[in-house]
Amino acid sequence: MSKNTQRLPSKYNPHDVEKDRYKFWVDGKFFEATGDKEKEPFTIVIPPPNVTGKLHLGHAWDTTMQDTIARMKRMQGYDVLWLPGMDHAGIATQAKVEEKLQAEGKSRHDLGREKFLQVAWEWKEEYAQFIRNQWEKLGLGVDYSRERFTLDEGLSKAVRDVFVTLYEKGLIYRGEYIINWDPQTKTALSDIEVIYKETNGQFYHLRYPIKDSEETIHIATTRPETMLGDTAVAVHPDDERYKHLIGKTVVLPIVGREIEIVADESVDMEFGSGAVKITPAHDANDFEIGNRHGLERILVMNEDGTMNENAGKYAGMDRFECRKQIVKDLEAQGVLFKIEDHVHQVGYSERSGAVVEPYLSTQWFVKMKPLAEAAIKMQQSSEKVHFFPERFERIYLHWLENIRDWCISRQLWWGHRIPAWYHKETNEIYVGREAPEDIENWEQDEDVLDTWFSSALWPFSTMGWPDEDAVDFQRYFPTDVLVTGYDIIFFWVARMIFQSKEFTGRRPFKDVLIHGLIRDAEGRKMSKSLGNGVDPMDVIDKYGADSLRYFLLTGSTPGQDLRFQWEKVEATWNFANKIWNASRFALMNLEGFTYDDIDLTGDLSLADKWILTRLNETIEHVTRNTDKYEFGEAGRNLYNFIWDDFCDWYIEMAKIPLYGDDEVKKQTTRSVLAHVLDQILRMLHPFMPFITEEIWQKLPHEGESITVAQWPVVQEQFHNEKAAAEMERLVSIIKSVRNIRAEVDTPISKEITMLIQCENNDIVKELENERHYLERFCNPGKLVIAEEVNVPEKAMSAVVTGAQIYLPLEGLIDIDKEIARLEKELEKWTKEVERVQKKLANENFVNKAPQAIVDEERAKEKDYLDKQAKVKARLAELKA
RNA sequence: GACUCCGUAGCUCAGAGGGAGAGCACUUGCUUGACAGGCAAGGGGUCAGUGGUUCGAUCCCACUCGGAGUCACCA
């Protein structure tokens with residue numbers, strides 16, 4: 001089925017091009033995985049965006065890369081599944097919903113758990129639709145029939161299954177430990193949800209009195225308010241300064257509690273005073289020391305960061321208020337004797353920004369070591385996950401090697417509720433996939449799981465697992481490539497790998513492509529507070545999705561950050577417009593021409609042979625680089641092929657037959673034009689889906705949509721080195737002539753005769769065959785091509801390999817200027833000759849360098865010597 | 001403290017063991033029947049520095065300087 005051609009407007013308008021196109025694709029089900037057994041599956045799962053807001057440029061970047069891969073693979077004949085979905089994003093979403101409630105003067109507690117969750121689900125639906133609309137505008141070819149959400153029934157089942165299994169294996173446990181507490185959102189956090197920032201603080205030096213003694217012991221702290229919970233002072237057992245105090249008792253100032261001085265090797269004698277106050281309920285190290293010495297744990301804060309009843313008169317005060325007050329009080333008592341300014345690392349909550357409090361609390365944990373070890377070991381096997389760029393593998397491994405247990409319980413409502421029940425009377429714990437039968441006697445754990453606990457299962461939970469016979473899981477897992485930013489390697493990539501290894505025995509993806517961050521034009525991170533964020537939808541409104549996509553794909557190299565610059569998007573628009581107009585030209589010349597009319601077996605012109613050769617090279621290059629995820633490299637290569645080779649040379653050369661009246665030649669040229677443009681559009685389609693589909697539909701084509709057209713393959717029969725060499729000579733001649741013309745101020749009259757003196761008769765014949773090109777591009781009055789030409793006295797000249805060009809320009813030529821120009825040229829060739837000869841004179845080079853390189857240099861030497869001699873001779877003539 | 005990345009044209013960035021590239025900006029000339037958001041011709045870089053490996057280094061290695069980041073940590 002072939003279609004006839006249509007006309008295009010003279011300017012590329014992305015709105016017209018993109019309008020309704022996505023609907024056409026979705027309605028045509030071009031993006032749906034077919035399960036076709038004839039085809040090999042190729043799978044990508046989208047990193048599920050949070051349902052908290054709109055997508056930003058980072059998402060646009062990330063998903064565009066996936067779309068590019070998916071589209072190419074689809075065209076290469078794979079059964080592509082690109083599975084979309086979203087993440088419930090526990091803390092983030094709950095915070096947004098609470099914010100919304102607050103605006104209405106309500107809190108989540110006013111609503112109660114059930115009602116609150118209902119509101120959250122409504123929120124989710126609303127934002128999910130925003131996100132889908134944005135995917136649409138970006139042109140992402142995802143399979144909506146398989147869209148998933150982390151709180152879906154199926155995924156929740158997977159979560160419960162994983163939790164219960166790990167619990168049964170002893171890899172999940174519940175216990176009272178020091179965790180990172182966010183007093184603002186009132187939940188525990190995992191280690192990586194804490195961001196450490198250098199913060200100006202103070203170092204407070206205290207003297208704790210020794211009981212029944214005049215002596216005091218000097219300790220220093222950055223968090224004096226925690227002293228209310230001190231239950232010991234620790235020194236190093238070998239510390240001569242304090243040896244005699246070990247076992248003695250300290251009377252804790254203000255509190256009056258008597259606490260022991262203990263010896264512990266973990267104390268650093270060099271740091272501070274060498275004596276440490278021990279607060280097991282508010283510091284991870286102190287907690288460990290406390291365990292070793294059987295110390296009491298006294299919690300002095302509430303969940304909201306205010307002091308509790310154990311803080312005595314400070315009860316009810318905010319922790320930082322308390323700090324101020326306690327400093328005053330200690331100072332008054334003479335306990336505090338020095339305050340130093342101190343820059344130290346303070347942990348902040350990734351979500352709320354609140355200062356994280358190390359806090360004693362009962363939480364659920366994943367025992368990481370066995371899981372991490374298995375994942376590390378997998379990297380030595382054939383199930384290795386390949387990182388692109390490779391260096392991120394080291395970062396990943398380093399993290400796993402030093403991993404600590406993962407605190408997975410969160411004091412939130414929005415999320416997967418922990419499948420643990422506590423017996424109301426016996427306090428017995430039940431962990432199971434389903435609630436206990438005598439549910440009235442049990443109470444379920446109030447907490448939910450860390451969002452990342454469910455995202456860690458994403459590559460398989462979305463495909464029907466834990467049902468291992470699920471059709472999609474069987475066919476599409478493991479996935480082929482994951483695309484994500486380096487900022488979530490720990491949060492997500494690593495966790496998917498170890499969970500996948502543990503539960504499926506396989507890697508979750510073969511490759512992982514890591515990209516950087518999007519920055520503003522000045523290189524700053526885009527952030528709300530700076531107000532320097534750019535909405536991808538604004539970019540699309542202005543320049544179209546294709547321009548945005550191409551900019552994102554080619555703007556950086558894997559693993560590097562990307563600066564957003566409007567000028568670059570604009571430059572990409574120019575490129576799109578170029579393609580648009582080249583296509584417009586093609587359509588104007590393909591009136592009545594159909595896909596079936598394409599016939600490349602005819603008598604091809606030099607231009608035809610050359611462009612087909614270049615097309616082959618481009619196909620090879622673009623395919624290879626896209627396969628390696630080198631989109632920048634592939635995109636630039638395509639850009640150069642399209643703009644420089646196809647538009648600037650091929651189309652211009654094709655105008656000769658197209659505007660001529662030889663119908664046979666015209667048909668051949670139309671065939672090549674239609675074919676090359678078709679192949680270009682196909683290769684460009686993964687990068688710029690909209691414009692390519694639009695043009696392709698209008699060109700002679702076969703098939704319903706370019707999305708399912710076959711990816712171009714190299715056609716060896718069109719590889720023609722001779723044509724490439726001839727073209728090179730031709731281009732050199734044309735450029736030389738243009739060059740000469742640029743030297744002459746006044747326009748050159750058409751009366752001029754252009755003379756080309758060739759080295760041998762073969763070249764004469766060759767150039768005679770290509771005469772029409774020379775006539776069109778150089779536009780001389782007369783063109784003489786011969787082995788010997790009569791060189792007029794007043795002429796400008798140029799040398800190319802195998803030939804010498806003369807342009808007699810009586811009256812226009814300034815002999816002195818021409819001499820100066822030629823002298824410059826002579827200098828250039830002389831330099832080249834020297835460089836090459838020096839190289840060839842080096843025995844080591846000739847003996848050790850690869851033969852091909854040496855031969856190449858020898859050929860250059862010959863060529864340069866020849867040119868040098870010709871220029872020299874011409875100079876002599878002029879000077880005579 | 002450990003590790004990673006970056007330093008190439010005025011700007012933003014590619015690149016590759018064998019004569020330095022692109023886009024934008026700049027200069028000059030063009031209403032050339034696809035495109036003036038275009039065409040053509042140009043100018044502009046000791047590829048941060050110092051050593052080393054090599055026949056050959058801007059590219060590989062070491063160190064130094066400058067910029068960015070990740071992880072860990074001392075109370």
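Per chain, numbering begins at 1; letters A, B, ... match sequence-line order. Everything numeric in this text was worked out from a predicted model, so none of it was measured.
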### Task
List for me each residue that meets side chain to side chain donor-acceptor pair (under 3.5 Å) alongside A/T226, sequence neighbours excluded, and say none if there are none.
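Counting only residues at least two positions away or on another chain, A/T226 forms a side chain to side chain donor-acceptor pair (under 3.5 Å) with A/K277.
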### Query
So what's the dot-bracket for RNA chain B: Watson-Crick or G-U pairs under 3.5 Å, [ ] if a pair crosses, | if it pairs off-strand?
((((((((.[[[[.)..(..]]]].(((((.......))))).....[[[[[..)....]]]]])))))))....
Taking only distance into account, with no hydrogens and no angle test, what donor-acceptor pairs under 3.5 Å do side-chain atoms of residues 571-579 of chain A form with protein atoms, sequence neighbours excluded?
{"from": "A/T572", "atom 1": "OG1", "to": "A/K568", "atom 2": "O", "distance (Å)": "3.0"}
{"from": "A/N577", "atom 1": "OD1", "to": "A/Y12", "atom 2": "N", "distance (Å)": "3.2"}
{"from": "A/N577", "atom 1": "OD1", "to": "A/N581", "atom 2": "ND2", "distance (Å)": "3.4"}

Atom pairs under 3.5 Å, N or O on each side, protein against nucleotides 2-5 of chain B: can you list them with distances?
{"from": "B/rC3", "atom 1": "O3'", "to": "A/R394", "atom 2": "NH2", "distance (Å)": "3.4"}
{"from": "B/rU4", "atom 1": "OP1", "to": "A/R394", "atom 2": "NH1", "distance (Å)": "3.3"}
{"from": "B/rC5", "atom 1": "O2'", "to": "A/Q560", "atom 2": "OE1", "distance (Å)": "3.3"}
{"from": "B/rC5", "atom 1": "O2'", "to": "A/Q560", "atom 2": "NE2", "distance (Å)": "3.2"}

### Message
Just to verify, what does A/F845 make a ring pair (Phe, Tyr, Trp, His ring centres under 6.0 Å) with, not counting sequence neighbours?
### Response
none
Distances under 3.5 Å between nitrogen or oxygen atoms of protein and nucleotides 27-31 of chain B:
none

### Stretch residues 221-233 of chain A: residues that reach within less than 4.0 Å of RNA chain B through a heavy atom
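Contacting residues: A/T221, A/T222.
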### Message
Give the residues of residues 283-292 of chain A touching RNA chain B, defined as any heavy atom closer than 4.0 Å, sorted by residue number.
### Response
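Under 4.0 Å from RNA chain B: A/N285.
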### Mutual orientation of the aromatic rings belonging to A/Y629 and A/F388 [parallel < 30°, tilted 30-60°, perpendicular > 60°]
perpendicular
Side-chain donor-acceptor contacts of residues 198-206 of chain A below 3.5 Å, not counting sequence neighbours, with atom names and distances?
{"from": "A/T199", "atom 1": "OG1", "to": "A/K197", "atom 2": "O", "distance (Å)": "2.9"}
{"from": "A/T199", "atom 1": "OG1", "to": "A/Y348", "atom 2": "OH", "distance (Å)": "3.1"}
{"from": "A/Q202", "atom 1": "NE2", "to": "A/D341", "atom 2": "OD1", "distance (Å)": "3.2"}
{"from": "A/H205", "atom 1": "ND1", "to": "A/H218", "atom 2": "NE2", "distance (Å)": "2.9"}
{"from": "A/H205", "atom 1": "NE2", "to": "A/E340", "atom 2": "OE1", "distance (Å)": "2.7"}

### Message
For a quick check, with a 4.0 angstrom heavy-atom cut-off, what is the B/S/- contact string for nucleotides 35-45 of chain B, read 5' to 3'?
### Response
B-BSSSSS---
Please report, rounded to the nearest Å, how far the [atom2] atom of [N] is from the [atom1] atom of [X].
{"X": "A/E591", "N": "B/rA34", "atom1": "CD", "atom2": "P", "answer": "14 Å"}
{"X": "A/E193", "N": "B/rU70", "atom1": "CD", "atom2": "C1'", "answer": "17 Å"}
{"X": "A/K831", "N": "B/rA20", "atom1": "NZ", "atom2": "P", "answer": "12 Å"}
{"X": "A/E198", "N": "B/rC73", "atom1": "CD", "atom2": "P", "answer": "15 Å"}

### Within residues 262-275 of chain A or reaching into it, pairs that qualify as salt bridge (charged side-chain N to carboxylate O under 4.0 Å, His left out) - sequence neighbours excluded
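Sorted result for residues 262-275 of chain A: A/D264-A/R292.
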Using atom names, set out every protein N or O paired with an N or O of nucleotides 53-56 of chain B below 3.5 Å, distance rounded to 0.1 Å.
{"from": "B/rC55", "atom 1": "OP1", "to": "A/K848", "atom 2": "NZ", "distance (Å)": "2.6"}
{"from": "B/rC55", "atom 1": "O2'", "to": "A/N842", "atom 2": "ND2", "distance (Å)": "2.9"}

### Message
Looking at A/E861 and A/R835, is there a salt bridge between them, counting it only when a charged N and a carboxylate O are closer than 4.0 Å?
### Response
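No salt bridge links A/R835 with A/E861.
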### Query
Is the A/F564 to A/W566 ring centre distance short of 6.0 Å?
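Yes; A/W566 has its ring centre under 6.0 Å from that of A/F564.
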### Query
For A/T557 and A/Q560, does a side-chain donor sit closer than 3.5 Å to a side-chain acceptor?
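No - no donor-acceptor pair under 3.5 Å links their side chains.
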